[in-house]
Amino acid sequence: MNFEHKVVWIIGASSGIGLGLVKAFAAQKARLIISSRDSAALTAVAEQLEGHTTCTVLPADMTDHPGLAQIAEHAISAYGHIDIVIHSAGVGQRSAAIDTQLPVYRRLMELNFFGPLTLTQHLLPHFRKQGHGHVVAVSSMSGLMGFPLRSGYVASKHALKGYFETLQVEHTLDNFYVTIVSPGRIKTGLSLSALTGNGTPYDKMDKGQLHGIPVNECAHRILKAISKKKKHVIIARSERLLYWLRMLIPPAYYRIARKRGLADQQ
Ligand SMILES: NC(=O)c1ccc[n+]([C@@H]2O[C@H](COP(=O)([O-])OP(=O)(O)OC[C@H]3O[C@@H](n4cnc5c(N)ncnc54)[C@H](OP(=O)(O)O)[C@@H]3O)[C@@H](O)[C@H]2O)c1
């Protein structure tokens, strides 16, 4: 792996997988742009990197879609170009479909799907002009199969995977790569901010999240997948088995997914 001097823009950099990626790319001496809504948290991250690598803080709300054209311009002007952009901003869900209000579905789609889609659309002309580019979409195993209490989240990640897989198939730009990342459970605070049926945060660290794969291991595997220009990488433990069951023995998948999803909340 060699990312030295590469310009890497990480969105969702203030915590969790995004923050893990910031540290992993900083160790590789990549030049960074870091984004999320929380400018104080981003500034604290950038201060920790001082003396290790160059880091530009660019606060952005990925649900402010009209503002993303200008954000993309600011990001490009930070170092004159962008080599890699990573979409890691996202929000989870913990509510049965029957208890979930319609605006909650919209919020999940606005951030998890329309945010990365809108920003990527603004960056494609830049990648065409400079003759190369790499977009990384942090999707989920929930982008590959249904899972209890996550109907809107699952829908948003299926949509995300659908858009980026189609970019891969269209293949209209030279030296342009898309890597789709499908993590299973990673040990982050995703369940804390996950939306419940009325839109309030779930505010609990659930069992699945707590015993998930460590963030640094997840980040290392994402860097490896990017350096190999992989189209798709799954970073998971037993969820991987569930995915195969869905394809090979669907009745077992329905039974186990239901049981596992509900047990996670305990
Ligand atoms: N952890 C897992 O088990 C797991 C599994 C599969 C997929 N994923 C995916 O991995 C990605 C990262 O999640 P995580 O687990 O690292 O959770 P996390 O620690 O909660 O990180 C979420 C990130 O998204 C940012 N964010 C939230 N709303 C935003 C907005 N409107 N605009 C810009 N940034 C926003 C947050 O920063 P601010 O609050 O500062 O804005 C934060 O940096 C998500 O897409 C998630 O779906 C996670």
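Whatever order the structure lists ligands and atoms in, that order sets their numbers, starting from 1.
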Non-hydrogen atom of [X] closer than 4.0 Å to ligand 1:
| X | value |
| --- | --- |
| Ala60 | yes |
| Gly208 | no |
| Ala41 | no |

Suppose I only count heavy atoms of [X] and a 4.0 Å limit; which atoms of ligand 1 are within that range?
| X | result |
| --- | --- |
| Val138 | 9 (C), 10 (O), 11 (C), 45 (O) |
| Arg185 | 3 (O) |
| Gly16 | 16 (O), 19 (O) |
| Asp61 | 30 (C), 31 (N), 32 (N) |
| Gly12 | 23 (C), 24 (O), 25 (C), 43 (O) |
| Asp38 | 40 (O) |

Below 3.5 angstrom, do we get any N/O pair linking [X] and ligand 1?
| X | answer |
| --- | --- |
| Lys157 | yes |
| Leu111 | no |
| Ile17 | yes |
| Ser140 | no |
| Met141 | no |

Would you give the length of the straight line joining atom [atom1] of [X] to atom [atom2] of [Y], rounded to the nearest 0.5 angstrom?
| X | Y | atom1 | atom2 | value |
| --- | --- | --- | --- | --- |
| Asp38 | Ser15 | CG | OG | 9.0 Å |
| Tyr79 | Thr56 | OH | OG1 | 3.0 Å |
| Leu119 | Gln121 | CG | CD | 10.0 Å |
| Met145 | Ser140 | CE | OG | 8.0 Å |
| Leu241 | Tyr253 | CG | OH | 13.0 Å |

According to ring-ring contact (aromatic ring centres under 6.0 Å, His included), who are the partners of Tyr153, at least two apart in sequence or on a separate chain?
none

Who's the nearest protein heavy-atom neighbour of [atom], and how far?
| atom | result |
| --- | --- |
| atom 36 (C) of ligand 1 | Ser14 OG, 3.8 Å |
| atom 44 (C) of ligand 1 | Ser88 O, 3.4 Å |
| atom 13 (O) of ligand 1 | Leu190 CD1, 3.9 Å |
| atom 27 (C) of ligand 1 | Arg37 NH2, 3.5 Å |
| atom 32 (N) of ligand 1 | Met62 N, 2.8 Å |
| atom 2 (C) of ligand 1 | Gln209 NE2, 3.2 Å |
| atom 1 (N) of ligand 1 | Thr188 OG1, 3.0 Å |
| atom 46 (C) of ligand 1 | Tyr153 OH, 3.5 Å |

Please work out whether any backbone atom (N, CA, C, O) or any side-chain heavy atom from C-beta onward of Lys187 is under 4.0 Å from ligand 1, and answer side chain, backbone, both or neither.
neither

How are the rings of His132 and His81 set to each other: parallel, tilted or perpendicular (split at 30° and 60°)?
perpendicular

Looking only at atom types and distance, does a side-chain atom of Glu239 sit under 3.5 Å from a main-chain N or O of Pro183, one as donor and one as acceptor?
no

Without swapping roles, check the side chain of His158 against the backbone of Val154 for a donor-acceptor pair under 3.5 Å.
yes

Heavy-atom side-chain contact between Val8 and Asp83 under 4.5 Å
no

Decide yes or no for Ile234 and Leu144: does some side-chain heavy atom of the first lie under 4.5 Å from some side-chain heavy atom of the second?
yes

For Arg221, give me all partners under salt bridge (charged side-chain N to carboxylate O under 4.0 Å, His left out), at least two apart in sequence or on another chain.
Glu217

Minimum distance, heavy atoms only, to atom 5 (C) of ligand 1: which one of Gly184, Gly189, Ser193 is it?
Gly184

Closest by any non-hydrogen atom to atom 9 (C) of ligand 1: pick that one out of Ser142, Ser139, Gly90, Ala194.
Ser139

Could you tell me whether the side chains of Ser151 and Tyr105 share a donor-acceptor contact shorter than 3.5 Å?
yes

Residue among Val135, Ile17, Val138, Val181 satisfying side-chain contact (heavy atoms from CB on, under 4.5 Å) with Ile86
Val138

For the pair Val215 and Leu19, evaluate side chain to side chain contact (heavy atoms under 4.5 Å, CB included) and give the outcome as yes or no after the intermediate values.
CA-CA 9 Å; Val215 163; Leu19 180 57; over 6 Å; no

